[in-house]
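The next block holds one structure in the form of structure tokens; read it before the comments.
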Amino acid sequence: MFDSVSIPLWIAIVFGLFGVIGLLDRIIGPGFRWFFRRKANLAIDELNTRLHLRIQPFKTTKRQSLIDQLLLDGAVVKAIEAHVTEANVPREVAMAKAEHYAKEIVPNFNAFTYSKIGTRLARWASTFVYRVRLGYADDDGLSKIDPEATVVFVMNHRSNMDYVLVTYLASASATLSYAVGEWARVWLLQNLIHAMGAYFIRRDSGNLLYRRVLARYVAMATRSGVTQAIFPEGGLSRDGHLRDPKFGLLGYMIGGHDQAKHRDVVFVPVGLNYDRVLEDRILTGVGRKAIGESTFKVGFGGVLGFIWNLLKLRFQGKLYRYGYACASFGKPISLQGWLAKENTSFVKLSSDKRFKAIEKFGTDLMGKVGDVVPVLPVALVSTVIKESKGEPLSELDMKAKVLSLVDELESQGAHLYIPRMDRDYAITTGLRMLTLRKLIIEKDGYFEIMAGEEQLIDYYVNSIAHLRKNKKKPRKIPRTASK
């Protein structure tokens with residue numbers, strides 16, 4: 001009974017591995033899961049005590065439960081059946097494809113990751129690169145938002161830093177759920193983004209099954225009160241002007257809104273601007289391409305090299321931060337208030353009329369976003385030197401013209417960020433930023449645009465061009481068709 005038994009070494013190794021797996025799964029695993037679940041619950045409780053917009057239960061529901069709920073949604077089931085017929089595939093194949101889309105879209109929100117890692121990283125990155133400032137804010141309107149309403153922050157899209165900047169600035173009031181493009185679907189980064197509550201979207205996908213799964217998730221999140229942030233332009237501006245809005249995501253949010261059954265949806269216009277957009281040369285360099293073509297050719301190594309260069313300059317004491325980054329928050333717009341004013345209801349309209357109503361609402365909303373885009377020093381100086389039409393300006397002439405432009409913009413209700421409330425300092429700041437980048441040069445006390453940098457100067461001029469309501473707007477060049 002107690003005699004020794006010899007077994008091959010490989011069998012002993014296999015048994016040992018099974019034993020370790022069993023130990024991890026049955027004893028150590030539950031302890032770890034309890035520890036991190038407790039941390040997450042404590043983080044949610046902590047966040048809800050200080051956030052104006054509380055984290056809704058939908059956001060903390062287990063991810064698999066949300067995926068199952070999405071796949072059992074009536075509209076998704078109909079889309080699966082339609083895909084079976086159209087693609088002539090077995091139902092199991094169509095179901096598996098829908099499940100793949102659902103797993104790709106549905107986030108895995110973790111309050112601990114969001115509050116302890118995400119927002120701290122956002123703060124560090126924002127303040128490391130920029131002098132971050134909060135511009136205009138309609139504090140009275142923001143304070144009156146119904147806590148039970150779904151809040152959606154609607155922003156212009158200047159840079160990929162927009163996600164980071166707004167996450168940091170809004171961290172004291174809300175946890176935001178972003179719609180993020182496929183550019184961020186890279187190893188590790190996508191896990192962090194999912195844990196932050198963001199969901200990935202394929203912006204140009206024409207797959208009807210995918211679009212239906214996405215539409216139903218966005219509608220479910222909106223009706224459950226999840227605070228979201230969207231960029232209606234659908235992509236970064238290549239010339240500095242605000243791009244024409246797209247209404248797909250907005251339609252998913254509000255197309256089926258019923259005033260009698262659903263909570264109100266309140267949209268907060270957010271205007272963003274920078275003294276220097278990190279990707280400005282990339283964006284202006286591809287400005288002549290068709291809109292549908294790939295914009296960014298920067299690899300992961302290039303990003304690491306950029307960060308390393310910034311760190312090196314900081315330790316050497318040679319780093320000039322990239323000027324000011326500023327966000328302004330406009331007057332909230334209640335969807336139910338807008339529908340009452342228009343004396344209409346989406347659920348009572350035909351599909352064509354509903355789309356036109358959504359388009360009208362989206363256009364009005366994007367106009368409000370444009371109204372609160374902050375005016376920064378670089379945009380002011382760029383505008384003045386551009387309008388000199390090649391004539392060199394002395395510093396005194398420059399300041400006189402900038403001050404005149406400031407008065408013009410203020411008279412038209414634009415929101416300017418003047419550093420230290422000192423206009424003279426603001427002009428000096430704008431000049432310094434542009435001369436350091438060699439976009440303008442100084443010769444014998446006179447400033448002019450560096451040869452070959454006219455397009456980049458235009459990019460910053462265009463960021464505030466829409467605010468000059470009495471200024472004749474340039475004719476837009478029609479977009480070429482996407483390949």
Side-chain angles (χ1 to χ4, degrees), residues 39-40 42-55 59 107-137 139 142 151 153 155-180 183-184 186 188-198 227-231 268 270-279 303-304 306-315 317 319-329 372 374 376 417 419-420 429 433:
K39 282 282 188 183
L42 289 173
I44 292 170
D45 292 339
E46 179 192 340
L47 283 171
N48 280 335
T49 58
R50 61 182 177 84
L51 296 179
H52 175 66
L53 303 174
R54 294 169 60 85
I55 300 174
K59 203 166 184 176
N108 188 23
F109 177 74
N110 184 296
F112 182 80
T113 301
Y114 190 98
S115 62
K116 303 301 182 182
I117 300 176
T119 55
R120 292 182 181 183
L121 280 175
R123 178 179 181 178
W124 177 84
S126 299
T127 55
F128 183 79
V129 179
Y130 293 106
R131 299 180 185 275
V132 178
R133 299 293 185 268
L134 176 63
Y136 167 79
D139 294 326
L142 293 170
V151 178
F153 292 85
M155 302 171 281
N156 64 309
H157 206 1
R158 293 283 290 167
S159 168
N160 284 311
M161 277 294 293
D162 295 345
Y163 300 94
V164 180
L165 180 66
V166 176
T167 296
Y168 163 44
L169 290 176
S171 60
S173 300
T175 59
L176 303 181
S177 178
Y178 288 98
V180 181
W183 63 268
V186 295
L188 287 183
L189 179 60
Q190 65 179 353
N191 300 92
L192 176 61
I193 288 174
H194 256 161
M196 291 284 288
T227 304
Q228 299 173 64
I230 62 172
F231 301 94
V268 179
V270 182
L272 305 171
N273 211 352
Y274 302 83
D275 271 335
R276 177 177 178 178
V277 172
L278 297 180
E279 314 92 328
V303 174
L304 288 178
F306 172 76
I307 295 172
W308 169 249
N309 187 54
L310 286 179
L311 291 170
K312 184 173 67 173
L313 290 173
R314 169 61 66 89
F315 289 129
L319 177 66
Y320 288 92
R321 281 186 284 184
Y322 291 172
Y324 291 94
C326 188
S328 291
F329 295 77
V372 294
L376 298 183
Y417 176 72
R420 303 180 184 177
T429 299
M433 282 295 303

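Keep in mind it's a predicted model, so treat the numbers as computed, not measured. Residues take their numbers from the sequence shown, with the count starting at 1.
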Identify the two heavy atoms, one from D275 and one from L376, that lie closest to each other, and give their separation to 0.1 Å.
OD1-CB, 3.4 Å
Value for OG1 (T127) from CG (L165), rounded to nearest 0.5 Å, stands at 10.5 Å
Test: R276 cationic atom under 6.0 Å from Y322 six-membered ring centre, within 45° of axis
yes
Where do S126 and M161 come nearest, in terms of heavy atoms and distance?
CA-CE, 4.0 Å
Examine the side chains of Y417 and S328 and answer whether a donor and an acceptor come within less than 3.5 Å of each other.
no
Are the side chains of L272 and V166 in contact, using a 4.5 Å heavy-atom criterion?
yes
Please name the pair of heavy atoms, one in M433 and one in G323, separated by the smallest distance, quoted to 0.1 Å.
SD-N, 3.7 Å
Distance from T429 atom OG1 to R131 atom CZ, nearest 0.5 Å?
8.0 Å
With the side chain counted from C-beta on, respond yes when D162 and Y274 share a heavy-atom pair under 4.5 Å apart, and no when they do not.
yes
Verify, without hydrogens or angle tests, whether N273 (side chain) and P374 (backbone) share a donor-acceptor contact under 3.5 angstrom.
yes
Hey, does the side chain of Y178 reach the backbone of Y163 with a donor-acceptor pair shorter than 3.5 angstrom?
yes
Could you grab the distance from atom CG of L169 to atom CG of L134, nearest 0.5 Å is fine?
6.5 Å
Which atoms form the tightest heavy-atom contact between S177 and A198, and what is the distance?
OG-CA, 4.3 Å
Verdict with reasoning, L278 to N160, per side chain to side chain contact (heavy atoms under 4.5 Å, CB included):
CA-CA 8 Å; L278 297 180; N160 284 311; over 6 Å; no
Other residues, nucleotides and ligands only: do more than 12 of their heavy atoms fall within 6.0 Å of CZ on R133?
yes
Closest heavy-atom pair and its distance - M196, T119
CE-N, 4.4 Å
Spacing of C326 atom SG and Y130 atom OH [to the nearest 0.5 Å]
12.5 Å
Closest heavy-atom contact between T227 and L176?
CG2-CD2, 3.7 Å
